[in-house]
Each structure stands twice: as C-alpha cells, then as structure tokens.
Amino acid sequence: MFQAFLIVGRESIELLLVCLALRQWAYHAGRPALVRWIAAGVPAGFVAAAAVVAALPPSGMNEWLDIALDCGFGLSIALLSCGTMASMSGIGAHVTARFDAFFARRAAGLPVLAFVAFSALREVLEAFLLLRFVAVNNGTEEVAWGIALGLVACALLAAAWRTLEANRRTHIVFRLTAVLLFVLGVQMILEALAEVLMRGVAGVELTQLGRALSPYLENGDRYWMLCTALAAIPLLVWVRSWWRQAGRV
C-alpha cells in the first residue's frame, strides 16, 4: 500500500505543479480564461492514457518510448520553471515578455491544453506501469488503498496551495512551484540521459558515465544530493537578485 501511495502521490503532485504553474502564468498575462483550457487538458490526457494502456502489449511500454516521454516532459517543465524564475527574480525580462506574449495570444488555449494533456498522459502511464508491478507483489486491494491515499494527499496539497493564495501569498506559491518544477524537470532529463548511456548507444566509456550517475538519480542513495544541488540554483538566483535590489536602496 505504501508503495502505491508514493507512486500515485508523486505522479499526481507533479501534474498538479504543472497545472499550478500554467495557472499562475495565465493570470500573470491577464488571461484567466486559459484556466478552463488547463482544466480541460487533464481529462484529455487521462483519455489518451487510457487509449495507450488499452493498446499496450502484455510486456508493457517500449523502453525507448518511456525514455522519450521522460526527456520531453522533463525538458518542457524545466523550461516552464526557468520562465517562472526569470519572472520572479526580475532578470531575463525578454524571457518573461515572451511567456506573457504567448499566454496573451488568442490561440494560446490549444497549446496549453495539449501541454497539460501530454503531462497528464505521461504521469498516468508512469503510474500505471509502476502500479501494475506493485499489484503483482502486493495484491490489488493494497494498491487500491494506496491509490486512494495518494489522491487524498494531492487534494490536501492543492487545498494548502489555495490557502496560501487566499492569504495573498501568491509569490510564495510561484516560487515554490518554480523550484519544484525545476528539480523535477532536470532530474527527468538526467534520468533519460543516464538510461540512454547505460544502453551502450554512445560507447563503453559513456556507459560508465551513465552508471556513475545512477546513485544520484531516483532510488539512488545520493539522490538527495542531486535534489539539493538543483534546488539551490533558483534559490541562489533569487538571493542574487534580492542582494542587488537591496544594494540600490
């Protein structure tokens, strides 16, 4: 049950963070109507995931497709978080302007929906493949309880986020979302890179590099070091910006 709880909680919270970041950008660009497109993208992704799951062979999803999904999703949310960091730190005005210009366009609804749907598709597929493995070892009843508790944890986090917003702590929400998405995005890119290297497609020497990265990736004993180092990057950017602003006063 605990494994299922962690899987569903992690995947649903990742999707929640993506939706929150897009929602913040929609309001930042003066396009609150885009929130409906964000909300519509989630069930669209679920439907697409259900279709993919129905078409999967008994052996599961192709490993190269899984790597491509991880890399694509990681790159997209890392870019989204970089735009958020540029906006909140007061640097990269051209980056912020580009994001605002995109969200201000009338045709922005469909790309936003497609991005959310892709995010939901990836998270559901990841959760399904992991839960299927857990169900074999622990039974479907244990997995069902874990799924329910994971969804409850995600709902509680969403409620906490709304509380912060209601107390006019929007800047805190924006910063937390940026940090978490940056860590998740870069981590997924590194995991996809390590998987490719360990398959020997780039030679023996780079295969060893992929194996050397493994302890720093998910389920590795040094995973916390990678997360800490990645989280420090946006935090240092904001401290640097704050220091500059304080020096001008």
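Quick caveat, the model's predicted, so the values are computed rather than measured.
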Open item on the list: Which residue is it: V112, V35, V18, L34? I am looking for the one with a side chain to side chain contact (heavy atoms under 4.5 Å, CB included) to R23.
Closed with: V35
Open item on the list: On a heavy-atom basis, which atom in I189 and which in C71 lie closest, and how many Å separate them?
Closed with: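 Heavy-atom minimum between the residues: CG1-O, 4.2 Å.
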- [ ] Grab the two heavy atoms, one from M198 and one from S214, that are nearest each other, plus how far apart they are.
- [x]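 In terms of heavy atoms, the two residues are closest at SD-OG, 3.5 Å.
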Task: For F5 against G150, the heavy-atom pair lying closest together - done: CD1-N, 3.4 Å
Open item on the list: According to side chain to side chain contact (heavy atoms under 4.5 Å, CB included), who are the partners of I13, at least two apart in sequence or on a separate chain?
Closed with: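 Residues passing side chain to side chain contact (heavy atoms under 4.5 Å, CB included) with I13: L17, C154, L157.
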Task: Rounded distance (nearest 0.5 Å) linking atom CD of E126 with atom CE of M188 - done: 7.5 Å
TODO: Establish whether Y27 and W37 are linked, either directly or via other cluster members, by ILVMFWY side-chain heavy-atom contacts under 4.5 Å.
DONE: no
TODO: State yes or no: do W224 and L226 share one hydrophobic cluster built from I, L, V, M, F, W and Y residues joined by side-chain heavy-atom distances below 4.5 Å, directly or via other members?
DONE: yes
Open item on the list: Please tell me whether M225 and F182 are part of a single hydrophobic cluster in this structure, the criterion being side-chain heavy atoms less than 4.5 Å apart.
Closed with: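 M225 and F182: one cluster.
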Task: Cluster link V53 to L121, ILVMFWY, side chain under 4.5 Å - done: yes
Task: L125 CG to E11 CD distance, which is reported to the nearest 0.5 Å - done: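 The CD atom of E11 is 10.0 Å from CG of L125, to the nearest 0.5 Å.
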Task: Atom pair CG/CD1 of L131 and I147 - distance to nearest 0.5 Å - done: 5.0 Å
Open item on the list: Taking V52 as the starting point, is it possible to reach F128 by hopping between hydrophobic residues whose side chains are less than 4.5 Å apart?
Closed with: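 F128 clusters together with V52.
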- [ ] Please collect all side-chain hydrogen bond (donor to acceptor under 3.5 Å, both in side chains) contacts where either partner lies in residues 181-191, sequence neighbours excluded, each pair once.
- [x] Q187-E191, Q187-Y223
Open item on the list: Looking at L197, is its backbone amide N or carbonyl O close enough to the side chain of T207 to form a donor-acceptor pair, meaning the two atoms are under 3.5 Å apart?
Closed with: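 Pair found, side chain donor or acceptor close to backbone of L197.
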- [ ] Give, for atom CD1 of I67 and atom CG of L193, the distance between the pair rounded to the nearest 0.5 Å.
- [x] 10.0 Å
Task: Heavy-atom pair of closest approach, residues E123 and E14 - done: OE2-OE1, 2.8 Å
- [ ] Search all heavy atoms of G41 against all heavy atoms of A120 and return the closest pair with its distance.
- [x] O-CB, 4.4 Å
Task: Distance-minimising heavy-atom pair for L113 and A40 - done: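 Answer, listing the atom of L113 first, then A40: CD1-CB, 3.8 Å.
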